[in-house]
Asker: 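Mind having a look at this structure? Questions to follow.
Numbers restart at 1 for each chain; the letters A, B, ... are given by sequence-line order, proteins then strands. Here the structure is a predicted model, which means the values were calculated and not measured.
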Amino acid sequence: MINITLPDGSMRQYEAGVTPLDIAKSISEGLARNVLAAKVNGNILELYRPINEDATVQLLTWNDEDGKHTFWHTSAHLLASALQELYPGIHFGIGPAIENGFYYDIDFGKYEVSSDDFPKIEKKMMELVQAKTPVTRREVSKAEALKTFGDRGEVYKVELINDLEDGSISFYDSGNFTDLCRGPHLVDFSPIKAVKLINLAGAYWRGDEHRPQLTRVYAISFPKKKELDEYLVMLEEAKKRDHRKIGKELGLYMFSETVGKGLPIWLPKGTDLRLRLQEFLTKIQKRYGYQQVMTPHIGSKCLYETSGHWEHYGEDSFRPITTPEDGEVYLLKPMNCPHHCMIFKNEPHSYKDLPLRIAEFGTVYRYEQSGELHGLTRVRSFTQDDAHIFCRPDQVKEEFIKVMEIIEIIFKALSFDNFEAQISLRDPSNTTKYVGSDENWAKAEQAIVEACKEKNLPAKVEYGEAAFYGPKLDFMVKDALGRRWQLGTIQVDYNLPERFELEYIGSDGQKHRPVMIHRAPFGSMERFCAVLIEHTAGKFPLWLTPDQFIILPVSEKYVEEAQALKIKLEEMNLRGTLDTRDEKIGRKIRDAELAKYPFMLILGEKEINEGTVSVRRQGAGDLGSMTPEAFAAIVEEEIKKVM
RNA sequence: GCUGCAGUAGCUCAGCUGGUAGAGCGCAUCCUUGGUAAGGAUGAGGUCACCGGUUCAAAUCCGGUCUGUAGCUCCA
């Protein structure tokens, strides 16, 4: 008998050779039906693999990331099997599971395949599912593996096998399809109840643009048809919320070929939104002791040689700017930190002055490959809500906590209720590639971990993910559709204080080196606005939205009164606009609904006589008539909830 | 940057195998003066991204450029 320990800590006894499927059956029928694979002593294995000694076993279902992964990996084999039947003679690259589904890289050779063929492929896949084709594993020698794939002209597989060690090679068979694969897999295809091919894309063999380009077939699969339908609805919804579409519709920003690619231009409404965000953060920062500065958009090349950015990024940056007469060399500012270091250096500092918190909405310019550009999220010119905190090593934790508080306030005001954090620490097994003393690293890493604990922030610790100059804490938010976005970041830096020889005088009268903390709660205004648009679908919170109301006079006769009302509301610190078009009220309402004005104020004869307005909420409908004061109170009330 | 796909009116798009352009929305003018998601009429608006080629003839076919877009190890 052997002892099997389950995730809840309970232990059960089984005959040696028991399989994970047996274990599932012994627990419950339902579990046996839903189990996909098992994690045995940390290794994910098939359900039919016998367990011969004491082990910790976790049964994996669709609800486990690893279970999903196995499900999709097997689905990739299913896709390949179907493709092989439909297009004999094609060659296979790799076919892994990914975050949302899976793909297979295929060399289709003479075949022309397009998305028109998707239904045919999906149908073939479901046929193989219905045949309950088993997926079986066998171990093979390297020579045998090379022969099998060599004979078939599978050049990509042969290349992969050549990189593998003899004795660790396994094949998986499913019907007529055999794949080189580490596994693990489902027992057979039958749990796969719904498949959907998503798109085709070119992908270089092994990501190398000098090697052949294969066709990557992206797909996703589910254990229930209903889940596929939900997923497809979510994709549709995501498309509708695309910030590039909504940004255009709401007139927030534009791009111009003539101005240059990746260079966003903020239109009046977008500028209004962005300035309001900036004002909001500025106010909080003031409360937290930040001082605002402004620095030029270019800086002497020497500045970036000192900072090390020239050496690191010079080749991948915009080319330097030179003066016509003296040949001086300047660079477009890729970061604000060097400028801020010079501000610190501008005068001597006592330990009593620290921390010094220097903030700037600093526009920076970075050369991104043209293929990397994407709406507002990946651009060549963007504005960071940047700040640098110069502090003593013993102040790091306190400063972290304060920055975390700022981030919390922001997320709350913008209804990002779902967020998590990642702590990036250095790789403990290789500390040589980092700058800064071991003592300072230990102090800062501990400070971050403790700060998260104190703030009750669920944070995932990743070793080896730190920058070479210091550990960091990144914030990820989940938007309304459950998509994850990385926004704010707090980073400790030992490098720049060293390079710029920053100093303060300690209580001992000696010179000491300050620690620098970089932080940007929004990340960049561009990226943040993009995420905000997708999160809210363009229906911004009331405190932020460019126009809180639109006044809709029932007929042109009441325009004058409408204008008076607008002024009155503006005097009450509300902002909005007025629709004076010669249109019927139904039409004005429809247009205002589509333009996402939070409140529509309808003004006709009745309201004018009563001294009221008829209030309509976007997406919710008529709220009835009330005085302008009562309306202002509603707005104020709603804003107060998040601020 | 590389590869695929795309670029037609301010916007969204139609235009089959070549015969020099169309719709809806928007805009302008006029009629209509209206109660909670589209009132009506008339009109203006296009070097079919740009450059070159094939052709009697190019939005349409070919080549190049520009811009947009999807993807470019998440490792058998």
Asker: For this output row, return yes or no: ring centroids of A/Y156 and A/F92 closer than 6.0 angstrom.
Answerer: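 Not under 6.0 Å, so no.
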Asker: What string of B, S and - do you get for nucleotides 28-39 of chain B, 5' to 3', if B is base contact, S is sugar-phosphate-only contact and - is no contact with any protein heavy atom under 4.0 Å?
Answerer: ---BBBBBBBBB
Asker: Strictly by Watson-Crick or wobble contacts shorter than 3.5 Å, is anything paired with B/C61, and which nucleotide is it?
Answerer: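 Base-paired to B/G53.
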Asker: Hey, would you say the A/Y597 and A/F549 ring centroids sit under 6.0 Å apart?
Answerer: no
Asker: Starting at CD of A/Q369 and ending at C1' of B/U69, how long is that distance when rounded to a whole Å?
Answerer: 16 Å
Asker: Between B/G34 and B/G39, how far apart are the two P atoms, rounded to whole Å?
Answerer: 15 Å
Asker: In whole Å, what separates the C1' atom of B/G24 from that of B/C62?
Answerer: 34 Å
Asker: Please determine, for B/G71, whether a Watson-Crick or G-U wobble partner exists with both distances under 3.5 Å, and give it or none.
Answerer: B/C2
Asker: Let me know the distance between CG of A/L200 and P of B/C5, rounded to the nearest Å.
Answerer: 11 Å
Asker: Any base atoms under 4.0 Å from A/A592, or only sugar-phosphate, or nothing? Heavy atoms, all strands.
Answerer: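 No contact.
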Asker: What distance, rounded to whole Å, do you find between the two P atoms, one in B/U20 and one in B/A38?
Answerer: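 These two P atoms come out 40 Å apart once rounded.
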Asker: Could you please name the partner base of B/G7, counting Watson-Crick and G-U wobble pairs only when both distances are under 3.5 Å?
Answerer: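 Check on B/G7: paired to B/C66, both distances under 3.5 Å.
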Asker: Select from A/G95 and A/Y103 the residue whose nearest nucleotide in RNA chain B is closer to the 5' end of that strand.
Answerer: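 Looking at RNA chain B, the more 5' nearest nucleotide goes with A/Y103.
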Asker: Respond yes when some side-chain nitrogen or oxygen of A/Y218 is under 4.0 Å from OP1 or OP2 of B/G4, and no when none is.
Answerer: no
Asker: Between atom CD1 in A/I94 and atom C1' in B/C72, what is the gap in whole Å?
Answerer: 12 Å
Asker: Kindly check if the number of other-residue, nucleotide or ligand heavy atoms within 6.0 Å of CG (A/N418) is above 12?
Answerer: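 For A/N418, atom CG is crowded (more than 12 foreign heavy atoms under 6.0 Å).
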Asker: According to the interplanar angle, ranging from 0 to 90°, do the rings of A/H185 and A/H73 count as parallel (below 30°), tilted (30 to 60°) or perpendicular (above 60°)?
Answerer: tilted
Asker: Tell me, please, which residues at least two apart from A/E139 pass salt bridge (Lys or Arg N to Asp or Glu O under 4.0 Å).
Answerer: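 Testing A/E139 for salt bridge (Lys or Arg N to Asp or Glu O under 4.0 Å), a comparison that skips the adjacent residues, returns A/R137.
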Asker: If you count the non-hydrogen atoms of other residues, nucleotides and ligands that lie under 6.0 Å from CD in A/E560, is the total more than 12?
Answerer: no
Asker: Is the phosphate of B/A70 approached by A/H374 (side-chain N or O, under 4.0 Å from OP1 or OP2)?
Answerer: yes
Asker: Expressed in whole Å, how much space separates the C1' atoms belonging to B/A41 and B/A70?
Answerer: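 Comparing C1' positions in B/A41 and B/A70 gives a spacing of 45 Å.
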Asker: Is the shortest heavy-atom distance from the side chain of A/R366 to the side chain of A/S317 under 4.5 Å?
Answerer: no
Asker: Quick one: A/F177 CZ to B/A76 P, roughly how many Å, whole number?
Answerer: 13 Å
Asker: Could you give the distance separating B/G40 and B/A58 at their C1' atoms, to the nearest angstrom?
Answerer: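 The answer is 41 Å between these two C1' atoms.
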Asker: State whether A/R244 places a side-chain N or O below 4.0 Å from either non-bridging phosphate oxygen (OP1 or OP2) of B/U69.
Answerer: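 Checking A/R244 against B/U69: at least one side-chain N or O falls below 4.0 Å of OP1 or OP2.
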Asker: Sticking with atom C1', work out how far B/U54 lies from B/G4, rounded to a whole angstrom.
Answerer: 26 Å
Asker: Is the gap between the ring centers of A/F149 and A/F171 under 6.0 Å?
Answerer: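 Centroid distance A/F149-A/F171: below 6.0 Å, so yes.
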Asker: Between A/L146 (CG) and B/A76 (C1'), how many Å, whole number?
Answerer: 13 Å
Asker: So what's B/U20 paired with, Watson-Crick or G-U wobble, going by both distances under 3.5 Å?
Answerer: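 The answer is none; no pair meets the criterion.
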Asker: Measure the distance from CD1 on A/I246 to C1' on B/C11 and round it to the nearest whole Å.
Answerer: 16 Å
Asker: CD of A/E311: more than 12 outside heavy atoms within 6.0 angstrom?
Answerer: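 No, because the 6.0 Å sphere around CD of A/E311 holds 12 heavy atoms or fewer from other groups.
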Asker: For A/R216 and B/G71, is the shortest distance between a side-chain N/O and OP1 or OP2 below 4.0 Å?
Answerer: no
Asker: Let's test this: given Watson-Crick or G-U wobble pairing with both distances under 3.5 Å, identify the partner of B/G45.
Answerer: none
Asker: Among side-chain atoms of A/D547 and A/T577, is any donor-acceptor pair under 3.5 angstrom?
Answerer: no
Asker: What distance, rounded to whole Å, do you find between the two C1' atoms, one in B/C66 and one in B/C27?
Answerer: 29 Å
Asker: Quick one, give me the B/S/- string for nucleotides 42-52 of chain B, reading 5' to 3', where B means a protein heavy atom under 4.0 Å from the base and S means that only happens at the primed atoms, P, OP1 or OP2.
Answerer: -----------
Asker: Counting only side-chain N and O atoms of A/K248, is one of them less than 4.0 Å from OP1 or OP2 of B/U12?
Answerer: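 Checking B/U12 against A/K248, a side-chain N or O does come within under 4.0 Å of OP1 or OP2.
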Asker: For the residue pair A/W485 / A/E534, report whether a side-chain donor-acceptor contact shorter than 3.5 Å exists.
Answerer: no
Asker: Within this structure, what is the CD-to-C1' distance between A/E368 and B/U69, rounded to whole angstrom?
Answerer: 17 Å
Asker: From CG of A/L263 over to C1' of B/C66, roughly how many Å is that when rounded to an integer?
Answerer: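 Between C1' of B/C66 and CG of A/L263: 15 Å.
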Asker: Considering Watson-Crick and G-U wobble pairs with both distances under 3.5 Å, what does B/C30 pair with?
Answerer: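 Here B/C30 is engaged in a pair, and the nucleotide opposite it is B/G40.
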Asker: Between A/Y367 and A/E372, is there a side-chain donor-acceptor contact under 3.5 Å, judged purely by atom types and distance?
Answerer: no
Asker: Taking atom P in both B/C16 and B/A21, compute the distance separating them and give it to the nearest angstrom.
Answerer: 14 Å
